Number of protein chains: 2
Amino acid sequence: MRSKITLKDLAKLLNVSVSTVSKSLNGSPEISENTVKRVKELAELHNYSPNLTAVNLKRKSTGNIAVIVPNISNTFFAKVLGGIENEARKNGYQLITYITNESLTVEKQIMELISNGLADGVLMSVSAETQKSKNYEHIYRFTEYEIPVVLFDRINVDLSLDKVGVDDMQSIYNAVQYLKSKGLSKIGLVCSIGDLGLAQARIDGYKAAMSEPSIAFPEEFLIVSNDPENLKKQLSLVLENNVMEAFVTLDYLSTLLTSRVVQEKALNIPKDIKIIGYVNEDFAPFLWPSISYIDQHPLNIGETATKLLVKRIKEPQPKETVEKVLKTEIIHLDSTLL
Amino acid sequence: MRSKITLKDLAKLLNVSVSTVSKSLNGSPEISENTVKRVKELAELHNYSPNLTAVNLKRKSTGNIAVIVPNISNTFFAKVLGGIENEARKNGYQLITYITNESLTVEKQIMELISNGLADGVLMSVSAETQKSKNYEHIYRFTEYEIPVVLFDRINVDLSLDKVGVDDMQSIYNAVQYLKSKGLSKIGLVCSIGDLGLAQARIDGYKAAMSEPSIAFPEEFLIVSNDPENLKKQLSLVLENNVMEAFVTLDYLSTLLTSRVVQEKALNIPKDIKIIGYVNEDFAPFLWPSISYIDQHPLNIGETATKLLVKRIKEPQPKETVEKVLKTEIIHLDSTLL
DNA sequence: CTGAAAGCGCTTACAG
DNA sequence: CTGAAAGCGCTTACAG
C-alpha cells in the first residue's frame, strides 16, 4: 500500500503543529475558524483520511464487530448478515466475519483470535457441534475479557448472555394449530437439524399442539435425522403406512426433501398434502409448488442483535442479560392452498 | 473490553526490558535460551497475546482483506466466501466483508472506507449497477493507493485488474452442445441477470452454439428480463407458440422459475423439457424434479482468488495482470435424464 | 546477550 | 488560540 498523507505531513505543509491539525479536523472548538478552514481545505485537497489503525490504538478500540455464523449453506444466515451489515455500517463499525462450519474446534480457534483484541464485540450463532457437546467455556472467555457478546438465532442454549431470536416453539405451535384449524390431523414433522436447541424447541411446539386436546399421535410422525437418505426412507415409510395430510418441516433441507418425496409418491401438494416449512422469500415463491413458510425476518434479527451489541459496547454494562424474542409469521403460498 | 496484559507489564514482572520480551516472544536468535524460556512461561501463564492494532500500526499493514460481494440472495457468493475464508485464515488474514446489494453508490462508499487503510487487499465482485453504468473510477482509486485488487466471478468487465472466474461463454456453449448432441434443437435461454457482463458472455455462448452449423433460431427463444413476472410471461408465450425441448437458464431465479412455469403448463421435466441451469449442490438434488446444473466450483473460485491476492500483497508487484479462468462442469440430475 | 531509543499515526491533557 | 509532550502497544536498528 502506498503511504498516505499523514497529520504530520499536513502540519508541515501548513506550518502548524500536529495537535492543531488534529483538533481542526476533529471539530475541536479550541481552534480559530480561520485555521480550521485552512486545515480542512488542505486535507480535502490531499484527500486526507486518518489512519484507522492509529486511531484505534489510541482509543483502545478496534472499530470491529466480529460475526460468527455456523454455516452458509442456505441463505438464512446470509440474510441475517445483511441485517447486521446495515446496522453496523450505520454505527461506523466494520464487520469481521467467520464461518465455523458447525465445528466446535473452529469456533474455539476463532474465539482465540478475537480475544486477541480484534473486535469490540461479538455476534454469534453457536455451532451444532458446540450445542451437542455443551462445551461453552470458550464463549465465556469473552465475558472474562469483557468483550460483549450477543447470541442470535440459536438462542436455545444454556448460556446467560444477551440473545436475539424468535420463539421457535410458538412458531411451530402456531403452524400446527393452523393446520388443525383447517380440519387436518395427520400432521408429520420432518427435521434434519436435530442437534440444535432450536429444533428441540420446535419439536416441543409440535408436540404441544398435536397433543391438544390430549390426543396421542404416532411416534413415526416425528421424522428426525441428520442424514438426508435416512430422512427420505422414514418419510416414504410414513407416507406408505398412513394417509398423511400435512407436514411441518423444520429446515431448508427437510422442506425441499419433503416436497420432493411427496411428489415422487405421486401425491399432490396441496390437494393431498399441505406443507409449512422453513425456506425464505427468495426461493419459496419460485418452487413448484411454492412452499408456505415461516418467515423469521432474518434481516430484523440481524439488525436487532447488532443494535443491542452496539449499545453494550458503548454503554457501561448494566450486566443484566436481555433476551429479545421477535415475531414470526406464516406466509401462505401454494402448499397450504385449501 | 478489559485491558489485557501488555509487553510492558511482562517486562516489569520479569525485570527485563520491553525489547527483550518482544524479541523472546518473536523467536529472535539474539536472546539467550534461558531468558526466552522465562519470558515464554510468564506469557503463557498470563495468556499474553500481542495487541494486533499496535502490531499493525508498526508494520504499516492491517492484516485484513476486504471482501466485497454484490448480494447474498443465493448461496453462490456465500460459497465463494467460504473458500475465501479458508484461504485467508490459512494465511493469517482477517476478512472484512461488505455487501453492496448491487448498488454503485454503496460500492463507492465502501471504497472510501477501505482506502482509509482498513485492508491490505481487496477481493471484489462488481455490482450490477456498476457494470450497467460502466463507472469504474472508484475501483481504480485502489490502484492509485497501491492496494491490490482481485476481481472474482464477475470478470467480464473492462478493467485491467487481476481476475479469477470461470469461462462463462464456454460453459453455456458446452451445455447447449450437450443438449444438441442428444438430438434436441428447440432450446431456449432464460436469464434474469442481463445487466451482468457474465450474462452477456453466457448469451454469446448460447448464440454461438445455436448458430452452428449456421442455423438461425427464433429471437423469442432468448428470454431475458430482470422482472420475474415479465420472465414468466415470455416463458409462457414461448411454450405456447413452440414445442420447446430444452432450456438453459442462467441464474438461480430463472432456473427455479423455468422449472415452475414448465410444470404449471403440465409439461414433464425431463420427458418433454430438459433443463440445465445455475443452482448449486445444496439445492439442486432436493428439488422436484432435481435440476441439472453447471457447477462453477465456487469454493475453488474463492480460494484461488485469495491465493492470488495474498501473493500480490506479499510480493513486490510484477504489475502484469493475471486472469485465471477455472473449469466448470455439468452435473446431471433428473432434468437431463434421457 | 540485553536495553535505551526512536517511531508507526494518532489524540488529548496541559502549559503558555 | 496554539503547541510541546506523553502515550496507545508494539518492533527494530543501534549501542554497549
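Since this is a predicted model, take the numbers as computed values, not measurements. A, B, ... follow the sequence lines: proteins, then strands. Residue 1 opens every chain.
Under the salt bridge (Lys or Arg N to Asp or Glu O under 4.0 Å) criterion, A:K90 pairs with A:E87, not counting sequence neighbours. With sequence neighbours left out, the side-chain hydrogen bond (donor to acceptor under 3.5 Å, both in side chains) criterion links B:S103 to no other residue. Scored by the salt bridge (Lys or Arg N to Asp or Glu O under 4.0 Å) test, A:E102 finds A:R154 as partners (sequence neighbours excluded). Residues satisfying the side-chain hydrogen bond (donor to acceptor under 3.5 Å, both in side chains) test with B:N101, not counting sequence neighbours, are none. Partners of A:S125 according to the side-chain hydrogen bond (donor to acceptor under 3.5 Å, both in side chains) rule, which considers only residues two or more places apart in sequence or in another chain, do not exist here. Residues meeting the salt bridge (Lys or Arg N to Asp or Glu O under 4.0 Å) test with A:R89, sequence neighbours left out: A:E85. Partners of A:N74 under the side-chain hydrogen bond (donor to acceptor under 3.5 Å, both in side chains) rule, at least two apart in sequence or in another chain, do not exist in this structure.
In this structure, A:N51 places its CG atom 14 Å from C1' of D:dG9, rounding to the nearest Å. Rounded to whole Å, atom C1' of C:dG7 lies 9 Å from atom CG of B:L57. If you take NZ of A:K8 and C1' of D:dA5, they are 14 Å apart, rounded to a whole angstrom. In this structure, CG of B:L10 is placed 12 Å from P of D:dT11, rounded to the nearest angstrom. The interatomic distance linking B:K60 (NZ) with C:dG7 (C1') rounds to 10 Å, in whole Å. Rounded to an integer number of Å, the gap from CG of A:L118 to P of D:dC10 is 13 Å. Going from atom CG of A:L25 over to atom P of C:dC10 covers 10 Å, rounded to whole Å. At whole-Å resolution of the value, CG in A:L7 and P in C:dG9 are 10 Å apart.
Residue A:T35 places at least one side-chain N or O closer than 4.0 Å to OP1 or OP2 of D:dT2. At D:dG3, one or more side-chain N or O atoms of A:T20 fall inside 4.0 Å of OP1 or OP2 (strictly under the cut-off). Contact between the side-chain N/O atoms of B:S17 and the OP1/OP2 oxygens of C:dG3 is found at a separation under 4.0 Å. Regarding contacts with the backbone of D:dG9, every side-chain N or O of B:Y48 stays at 4.0 angstrom or more from both OP1 and OP2.
Heavy-atom distances to DNA chain C give each of B:I31 and A:A54 a nearest nucleotide, and the one nearer the 5′ end belongs to B:I31.
The closest donor-acceptor contact from the side chain of B:D195 to the backbone of B:K132 lies at 3.5 Å or more, if one exists at all. With hydrogens and angles ignored, the 3.5 Å screen pairs no side-chain donor or acceptor of A:T75 with any backbone N or O of A:A78.
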Are any protein N/O atoms closer than 3.5 Å to N/O atoms in nucleotides 12-14 of chain C? If there are, list each pair with its distance.
unit_1	atom_1	unit_2	atom_2	d
C:dA13	N6	A:K23	NZ	3.2

For Watson-Crick and G-U wobble pairs within 3.5 Å on both distances, what is DNA chain C written in dot-bracket notation, | included for inter-strand pairing?
|||.||||||||.|||

